[in-house]
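First up is the structure itself, then whatever we jot down about it.
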Amino acid sequence: MVRPPLSPPARRPMAHTHIVTIERHILEEELRHPEARGAFSNILRDLSLAAKVIARQVNMAGLLDILGTAGHQNVQGEAVHKLDVFAQDAIYRAMDHTGLLCCMVSEEREDFIPIPEKFPAGDYILVFDPLDGSSNVDVNVSIGTIFAVLKKVSNHERGSLADCLQPGSRQIAAGYILYGSSTMMVYTAGIGVHGFTLDPSIGEFILSHPDIRIPNPPARSYSVNEAYAARWSPGVRAFVEHLKEGGGEGYSSRYIGSLVADFHRTLLKGGIFLYPSDRTNPSGKLRLVYEASPLALIAEAAGGSASNGRESILDVKPTSLHERTPLFIGSSGLVTMAEEFVARESQS
Ligand code: AHM
Ligand code: MG
């Protein structure tokens with residue numbers, strides 16, 4: 001797996017008790033990426049601004065009476081909610097004019113979005129799902145934004161499809177924003193995963209979860225929409241049955257149905273989240289470029305792993321922007337166990 005070169009840490013470890021804003025943390029992180037020359041930290045900083053704008057709107061959603069669908073469908077054929085439109089717009093407007101990006105890829109747009117000619121173009125690509133799990137908004141369940149940053153590989157000033165279809169191993173940073181009981185931004189630049197909680201009274205993301213590691217041994221929980229069990233392949237069914245029978249040890253089930261929230265719990269507590277392929281969705285439901293790959297980079301940087309059942313998600317080269325993938329993500333031992341069950345099935 002090809003990984004961008006990283007320099008050794010050039011900073012002292014920060015004690016949890018210090019008050020560290022996300023901006024300060026990103027600047028210090030940049031010392032580990034001298035090749036990024038400021039661009040990288042500015043992209044993350046601009047994203048944290050968009051996160052605050054979206055968080056404010058999400059928190060106000062009921063009051064502003066903006067819940068409900070916006071009346072059209074996105075490229076996946078799903079109803080677009082007004083907050084999706086707002087989040088798409090907030091991220092686009094925070095990023096389009098900065099001179100850092102050449103193009104963007106969003107779940108809400110069919111094609112990649114070149115930076116308009118009126119603005120300077122940069123060397124980076126932002127891929128994002130502006131508001132994942134938005135069907136949960138109406139019932140006040142946590143939702144999230146997922147993003148990753150790639151470096152341009154083509155000679156096209158404003159990016160090309162090839163720039164957007166790089167494998168996850170080429171991501172130089174990835175993260176998510178969770179709009180939950182508090183708003184959190186979690187990111188990795190390849191080494192270490194760090195979580196920041198928004199203090200709404202001062203409008204700052206403060207480092208609250210430094211150096212997140214997926215616990216080992218993990219919490220004995222699995223996360224999957226089990227209503228689809230009859231449609232799963234025999235290997236996936238056998239894997240989940242094995243966990244239910246305890247793998248000897250008594251597993252419990254946790255499923256919110258909102259990817260960022262389910263992943264966040266898995267990252268902090270351990271266990272496994274899976275959204276496998278099934279008879280109805282032969283490629284799974286989740287998207288490789290802006291959902292599975294960013295979360296895979298985070299999982300691996302936290303000591304976990306992510307697989308499509310056969311290979312590491314980070315090794316899969318996308319063939320289209322909105323390609324779907326099965327996803328098994330979380331504690332390494334459980335992801336490996338899932339792969340073994342899937343492999344046994346194809347041998348039998
Ligand atoms: P979305 O991108 O249309 O919001 O859908 C993705 C969501 C994820 O947040 C979640 O993991 C999954 O769909 C839940 O799907 P299901 O309802 O089939 O369990
Ligand atoms: Mg989504």
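First listed ligand is number 1; within each ligand, the first listed atom is number 1. Count residues from 1 along the sequence. FYI, side chains are in, hydrogens and waters are out, and symmetry mates aren't considered; it's all heavy atoms of this structure.
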Atoms in ligand 1 flagged as close to [X], the criterion being non-hydrogen separation under 4.0 Å:
| X | answer |
| --- | --- |
| Ser134 | 4 (O) |
| Arg287 | 2 (O) |
| Asn225 | 16 (P), 18 (O), 19 (O) |
| Tyr255 | 14 (C), 15 (O), 16 (P), 19 (O) |
| Ser258 | 9 (O) |
| Glu107 | 2 (O), 3 (O) |

Open item on the list: Is there a path of hydrophobic side-chain contacts, each under 4.5 Å between heavy atoms of I/L/V/M/F/W/Y residues, joining Leu268 to Ile272?
Closed with: yes
Task: Joint cluster assignment, Met337 & Tyr275, ILVMFWY side-chain distance < 4.5 Å - done: yes
- [ ] Answer yes or no: does an N/O atom from Leu131 fall short of 3.5 Å to an N/O atom of ligand 1?
- [x] no
TODO: Quick one: look at Leu259 and ligand 1, take heavy-atom pairs under 4.0 Å, and tell me if it's side chain, backbone, both or neither.
DONE: both
Task: Sequence-distant partners of Glu23, salt bridge (charged side-chain N to carboxylate O under 4.0 Å, His left out), two or more places apart - done: none
Open item on the list: Is Asp262 close enough to touch ligand 1? Criterion: a residue heavy atom under 4.0 Å from a ligand atom.
Closed with: no
TODO: Please state whether Ser135 comes within less than 4.0 angstrom of ligand 1, counting heavy atoms only.
DONE: no
Open item on the list: Going by ring pair (Phe, Tyr, Trp, His ring centres under 6.0 Å), name the residues that satisfy it together with Tyr176, two or more places apart in sequence or in a different chain.
Closed with: Phe263, His264
Open item on the list: Run the ring pair (Phe, Tyr, Trp, His ring centres under 6.0 Å) test against Phe239 and tell me which residues pass, sequence neighbours left out.
Closed with: Phe341
Task: For the Mg ion (ligand 2): protein N/O/S atoms at distances below 2.8 Å - done: 4
TODO: With salt bridge (charged side-chain N to carboxylate O under 4.0 Å, His left out) as the test, would you mind laying out the steps for Asp96 and Arg93 before giving the verdict?
DONE: CA-CA 6 Å; Asp96 67 344; Arg93 288 194 298 130; over 6 Å; no
